[in-house]
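All figures in this text were calculated on a predicted structure; none of them were measured in a lab.
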Amino acid sequence: MNVLNGLAPVLKISTLVSMTCVSVIVPLYNKAAFIRRTLDSILAQTMPDLEVVVVDDGSTDGGAAIVDGVDDGRIRLVHQKNQGPGAARNRGLEMAHGDYVAFLDADDEWLPDFLAVTLQHLKQRPDCALCLTGQYRGENRSDWGKTLMALGLTSGQWRLPTELSRDQHKPNLDVLHSGAIVCDRNVIHRFGGFYDKDRCTYGEDIYLWLQVVLNYPIYRDLRPLMWYHTEASDLAVWNQVRPPWPMLLEPEPIRRRCPQPYRPILENILNTYAAIAAYRATTVEDLATANRLFEAFPDARQEMFQDWRKRVDYLIANVPNLRRTLKGFKGDRSQRQS
């Protein structure tokens, strides 16, 4: 018996790639210093049959005026009150005409062949819902694809296995970076677009891409064909505590759309992410959030506690002011030793 029985029908993507316009959607919020660079990288694509929809999400820094000043008929600028990146991308999807859509944040760049390469992969593999590439990261242009390959990821057509070790959950989802993806527009509409509630600014994209990989094969080309400028990203302030992913706050739509054979691995994935989010909450003594996650995803507690250091941190967080006392003791000890 085929364990994949019950999956969504095989998607037949148009093979007329050379005749198909691609809609590039750029959410813009206070990125005046970078938006021209981003647009230049889109307009420099070797596959010129594209449109660019820039959605100004209530910017206050003049970035929209910079877009308006670019003399290229392929660019459209629309405005909305600030609602977050998910809502901005969804607004762009409403305006898009292309059979394929791509998303680039207003501070990132594509290499010139990004669209040509991804569309060629999709042309050759009509059952794949999307194509993604590797990326350069940060000012030093580190090749993140090499990091992923060291974790066991490979280029080529890929289908989420019905069984996958827990240490492979996050790498195989982290690779789904929105700025490195070209996707069939109908697929995105099937899953309702990006998560856009409460001006969500974190994890709104993986909420969508997780549903795609649960239902369709994809193509991965880990060569770096986009440049993720982490140094310019709001989320590059890594010492801030990020909130739980929306897929943990509202998992039921994902569960409903998940094919039966993939439901066990979906629960494993959710528990893995819940364990990560619970530990993040623990580090700032937000035990209410950690315990809510443990209640919603019971295996997350056991997964987090497999690391004894995280278990100790959780126990310490349960004693008011103990963490600060221990830090103060450690600081005093270091001063005496010096």
Side-chain angles (χ1 to χ4, degrees), residues 10-28 35-57 64 66-80 85-106 108-133 135 176-194 205 208-209 212 216-221 223 225-227:
V10 172
L11 179 72
K12 293 298 182 182
I13 296 176
S14 169
T15 58
L16 300 177
V17 171
S18 62
M19 299 173 61
T20 304
C21 174
V22 179
S23 297
V24 182
I25 297 168
V26 180
L28 173 63
I35 182 60
R36 184 57 194 258
R37 179 183 69 189
T38 296
L39 292 178
D40 287 345
S41 80
I42 298 171
L43 300 176
Q45 290 297 296
T46 57
M47 201 289 303
D49 187 15
L50 57 84
E51 65 172 2
V52 185
V53 182
V54 179
V55 181
D56 174 31
D57 191 37
I66 295 173
V67 176
D68 208 29
V70 179
D71 186 16
D72 194 301
R74 294 174 291 178
I75 298 176
R76 286 185 290 157
L77 174 65
V78 295
H79 302 271
Q80 67 178 28
R89 294 191 191 106
N90 288 340
R91 177 74 182 281
L93 283 166
E94 294 174 2
M95 311 265 312
H97 296 129
D99 291 332
Y100 298 90
V101 288
F103 307 91
L104 190 61
D105 286 348
D108 294 332
E109 296 178 71
W110 283 336
L111 276 64
D113 289 334
F114 173 79
L115 287 179
V117 168
T118 51
L119 288 170
Q120 185 63 26
H121 285 314
L122 291 173
K123 176 180 178 180
Q124 293 172 350
R125 298 159 184 89
D127 56 334
C128 289
L130 64 80
C131 179
L132 62 85
T133 75
Q135 58 192 255
L176 291 158
H177 186 282
S178 292
I181 288 175
V182 175
C183 188
D184 181 272
R185 184 163 59 112
N186 291 327
V187 171
I188 295 178
H189 282 301
R190 176 190 170 191
F191 300 111
F194 293 85
D205 49 356
L208 167 64
W209 302 130
V212 174
Y216 296 109
I218 66 173
Y219 193 87
R220 306 191 300 198
D221 185 335
R223 292 176 296 173
L225 294 176
M226 69 88 62
W227 188 352

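- For the atom pair Leu122 CG and Asp127 CG, the distance stands at 10.0 Å (nearest 0.5 Å).
- When all heavy atoms of Asp105 and Val26 are compared, the closest pair comes out as C-CG1, 4.4 Å.
- Looking at every heavy atom in both residues, Gly193 comes nearest to Leu93 through CA-CD1, 4.5 Å.
- Separation of atoms CD1 (Ile42) and CD (Glu109) is listed at 10.0 Å; rounding is to 0.5 Å.
- To the nearest 0.5 Å, atoms CG (Asp72) and CG (Leu43) are separated by 4.5 Å.
- Under the salt bridge (charged side-chain N to carboxylate O under 4.0 Å, His left out) criterion, Arg185 pairs with no residue, sequence neighbours left out.
- Using a 4.5 Å heavy-atom threshold, the side chains of Leu119 and Lys123 count as separate.
- Between Met95 and Ile25, the closest side-chain pair of non-hydrogen atoms is not below 4.5 Å.
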_Leu28 vs Ile35, side chain to side chain contact (heavy atoms under 4.5 Å, CB included): CA-CA, chis, key distance, verdict_ = CA-CA 8 Å; Leu28 173 63; Ile35 182 60; 4.2 Å; yes
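- Between Tyr216 and Arg190, the closest side-chain pair of non-hydrogen atoms falls below 4.5 Å.
- Between Asp205 and Ser178, the closest heavy-atom pair is CB-OG, 3.1 Å.
- Atom CZ of Arg89 and atom CZ of Phe103 lie 7.5 Å apart (nearest 0.5 Å).
- Separation of atoms CG (Leu208) and SG (Cys183) is listed at 7.0 Å; rounding is to 0.5 Å.
- Side-chain contact check for Ile218 versus Ile181: every heavy-atom pair is 4.5 Å or farther apart.
- Inter-residue side-chain proximity for Trp209 and Ile188 is flagged as met; some heavy-atom pair is nearer than 4.5 Å.
- Thr133 pairs in a side chain to side chain contact (heavy atoms under 4.5 Å, CB included) with only one of the listed residues (Thr118, Asp113, Leu111), which is Thr118.
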*Using the side chain to side chain contact (heavy atoms under 4.5 Å, CB included) rule, take Arg36 and Val70 through it: C-alpha gap first, then chi angles, then the decisive distance, then the call.*
CA-CA 8 Å; Arg36 184 57 194 258; Val70 179; 3.8 Å; yes
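- Here the side chains of Val187 and Leu130 are not in contact, with every heavy-atom distance at 4.5 Å or above.
- Considering every non-hydrogen atom in both Gly179 and Leu104, the closest pair reads O-CD1, 4.0 Å.
- Using a 4.5 Å heavy-atom threshold, the side chains of Gln135 and Asp108 count as separate.
- Of the possible polar contacts, one joining the Ser23 side chain to the His97 backbone as a donor-acceptor pair under 3.5 Å is found.
- Not one N or O on the side chain of Asp184 forms a donor-acceptor pair closer than 3.5 Å with the backbone of Ala129.
- A donor-acceptor pair under 3.5 Å is formed between the side chain of Gln45 and the backbone N or O of Phe114.
- When each of Val78, Thr38, Leu39 is checked for a side chain to side chain contact (heavy atoms under 4.5 Å, CB included) with Val54, only Leu39 meets the rule.
- Contact check for Arg74 versus Pro48: side-chain heavy atoms found under the 4.5 Å cut-off.
- In this structure, the separation between CE on Met47 and OH on Tyr100 is 10.5 Å, given to the nearest 0.5 Å.
- Put simply, the side chain of Trp110 never gets that close to the backbone of Ala44: no donor and acceptor are under 3.5 Å apart.
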